[in-house]
Amino acid sequence: MCIIIKYIKIIMTDLERKRFLAKIARLYYLEGLTQQTIANKLNISRTKVSRYLTRAKKEKIVEIHISYPLEDFSSMEYQIENKYGIRECIIVDDLENDEAIIMSMGDRLNDIFERILGDGSYIGIGWGHSLRELSKYINIMDKNDIKVVPMIGGLGKTGTGVHTNSVAKSIADRVGGISYMIHSPAVMDSRKVKEIIEKDSNVKEIMDMSGKIDTALIGMSDLGHDSTLIKTGSFMSEDFEYLKGLGVVGDVNLIFIDSEGRHVPNRIDERIVRIPLERLKQIKNVIGVAFGKRKLEILLAALRGQLINILFTDKKTAKDMIKAE
């Protein structure tokens, strides 16, 4: 009799757990509450809300169906992989807006992460709007002890979510790992200040830890007037004009490069806190995310310089890449 009672209790506990997952999913997906609002409402942490939403998907309590037209991009992906000598190219369809494109990329990125990440892996993270948005759609929970490390000092304000530390924490929350913080801006006022900062124990620890990174996720910035770099307040239009005069087309993790992907020495470099180009090139898997006409030039430069070896882009950008000389 006691055994039967215990068995019933287990069933009821599981049922209540699923009801709780369904409640959180309803608040988030149907009522449109933010994760923080749900956390406050239910007296739990935002991290737990994120994990419960992930669990609801895995247990099929939530099933998201997007009716995008199916198209096979394998031929285009193969052409780009061969043309630029990279390991993998992942192309998603041209969708109605950037958010839909990034959401589609998120599904494919999860597949990549499931395959290349192992227990105890170190993920290096850049910064930027695209990475912040992409981090919302990362959902892998079956890896253990994942460590997420910023590869550059802070750009942007920490409250915006674009800041390096914010992106790293967001991704760590989504993979059930831990993130590290770098207590330093990316761009210092002078070379002397940078040299002092690099001796700080926290910054030194992060830079040393970057040698353990086996997978990096980075964005690329152009030097146009709409560049997110300008919006951070760390650069002015005069800085961009100076860099353009040197032949710079954009940056990869604040490494300024020319159209062939070669690093262009400049006076701003001596003020930047980030991992060096040589260390970036030693990382086994460097995943670059870029799409749109504005990003084409810097994307091609990063590929020619072999600064990335796994590419995420959209169909239109891929077509332009195939046509490019």
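Index from 1, following the sequence. Keep in mind that this is a model prediction, so the values were computed, not measured.
- The line from CD1 of I91 to CZ of R108 is 9.0 Å long, rounded to the nearest 0.5 Å.
- Inter-residue side-chain proximity for I138 and N110 is flagged as met; some heavy-atom pair is nearer than 4.5 Å.
- Heavy-atom neighbours of K136 NZ from other residues, nucleotides or ligands within 6.0 Å: above the threshold of 12.
- At distances below 3.5 Å, not a single donor-acceptor pair connects side-chain atoms of D93 with backbone N or O atoms of L95.
- Within 6.0 Å of NZ on K212 lie no more than 12 heavy atoms contributed by other residues, nucleotides or ligands.
- Using bins of under 30°, 30° to 60° and over 60° for the plane-to-plane angle, the ring pair F240/F235 lands in the tilted bin.
- The shortest distance between side-chain heavy atoms of D173 and R46 falls below 4.5 Å.
- No side-chain heavy atom of M151 sits under 4.5 Å from any side-chain heavy atom of V149.
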Exercise for review: Would you check, one step at a time, whether the test side-chain contact (heavy atoms from CB on, under 4.5 Å) holds for L299 with I308?
Suggested key: CA-CA 9 Å; L299 174 53; I308 62 176; 4.3 Å; yes

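- With salt bridges taken as basic N to acidic carboxylate O contacts below 4.0 Å, one links R19 and E16.
- A salt bridge is defined here as a Lys NZ or Arg NE, NH1 or NH2 lying under 4.0 Å from an Asp or Glu carboxylate O, and D222 with R294 meets this definition.
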Practice item. Test I44 against Y52 for side-chain contact (heavy atoms from CB on, under 4.5 Å), laying out the working first. Key: CA-CA 11 Å; I44 56 178; Y52 286 144; 4.0 Å; yes

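- Residue I272 holds its CD1 atom at 5.0 Å from CG of L254, rounded to the nearest 0.5 Å.
- For the pair E59 and K18, the tightest heavy-atom approach, listed with the atom from each and the gap, is OE1-CE, 3.9 Å.
- A 6.0 Å sphere centred on CD of Q79 holds more than 12 heavy atoms belonging to other residues, nucleotides or ligands.
- Under the 4.5 Å side-chain criterion, counting only non-hydrogen atoms from C-beta, K83 is not in contact with L303.
- Atom CD1 of I322 is separated from atom CD1 of I80 by 4.5 Å, given to the nearest 0.5 angstrom.
- Here the side chains of K199 and K204 are not in contact, with every heavy-atom distance at 4.5 Å or above.
- Looking only at side-chain heavy atoms (C-beta outward), I287 and L109 come within less than 4.5 Å of each other.
- More than 12 non-hydrogen atoms from other residues, nucleotides or ligands lie less than 6.0 angstrom from NZ of K58.
- In this structure, the side chains of T215 and S121 stay at 4.5 Å or more apart for every pair of heavy atoms.
- Taking the ring axis of Y242 as reference, the NZ or CZ atom of R267 stays within 45° of it and closer than 6.0 Å to the ring centre.
- Remark: side-chain polar atoms of N253 are not paired, donor with acceptor, to backbone N or O of G126 under 3.5 angstrom.
- Checking side-chain atoms of R132 against main-chain N and O of S170 turns up no donor-acceptor pair under 3.5 Å.
- A donor-acceptor pair under 3.5 Å is absent between the side-chain atoms of R262 and the main chain of G305, judged by distance alone.
- With 3.5 Å as the limit, one finds no donor-acceptor pair spanning the side chains of R304 and S259.
- With N202 contributing its side chain and M181 its backbone, the two residues share a donor-acceptor pair below 3.5 Å.
- A donor-acceptor pair under 3.5 Å is absent between the side-chain atoms of S50 and the main chain of R174, judged by distance alone.
- A donor-acceptor pair under 3.5 Å is absent between the side-chain atoms of N40 and the main chain of T37, judged by distance alone.
- No option in R274, R191, K194 other than R274 meets the salt bridge (Lys or Arg N to Asp or Glu O under 4.0 Å) test with D269.
- One finds a salt bridge joining E88 and R115 here, because a Lys/Arg side-chain nitrogen approaches an Asp/Glu carboxylate oxygen to under 4.0 Å.
- Proximity of a side-chain donor or acceptor of N266 to a complementary backbone N or O of V264 within less than 3.5 Å is detected.
- In this structure, the separation between OG on S210 and CD1 on I283 is 7.0 Å, given to the nearest 0.5 Å.
- Heavy atoms from other residues, nucleotides or ligands lying under 6.0 Å from OH of Y78 number 12 at most.
- In this structure a side-chain-to-backbone donor-acceptor pair under 3.5 Å is missing from N165 to P150.
- Taking 4.5 Å as the limit, some side-chain heavy atom of Q35 sits within range of a side-chain heavy atom of L53.
- Y180 contributes no side-chain N or O that, together with a main-chain N or O of E205, makes up a donor-acceptor pair within less than 3.5 Å.
- In the displayed structure, K316 atom NZ is contacted under 6.0 Å by at most 12 heavy atoms of other residues, nucleotides or ligands.
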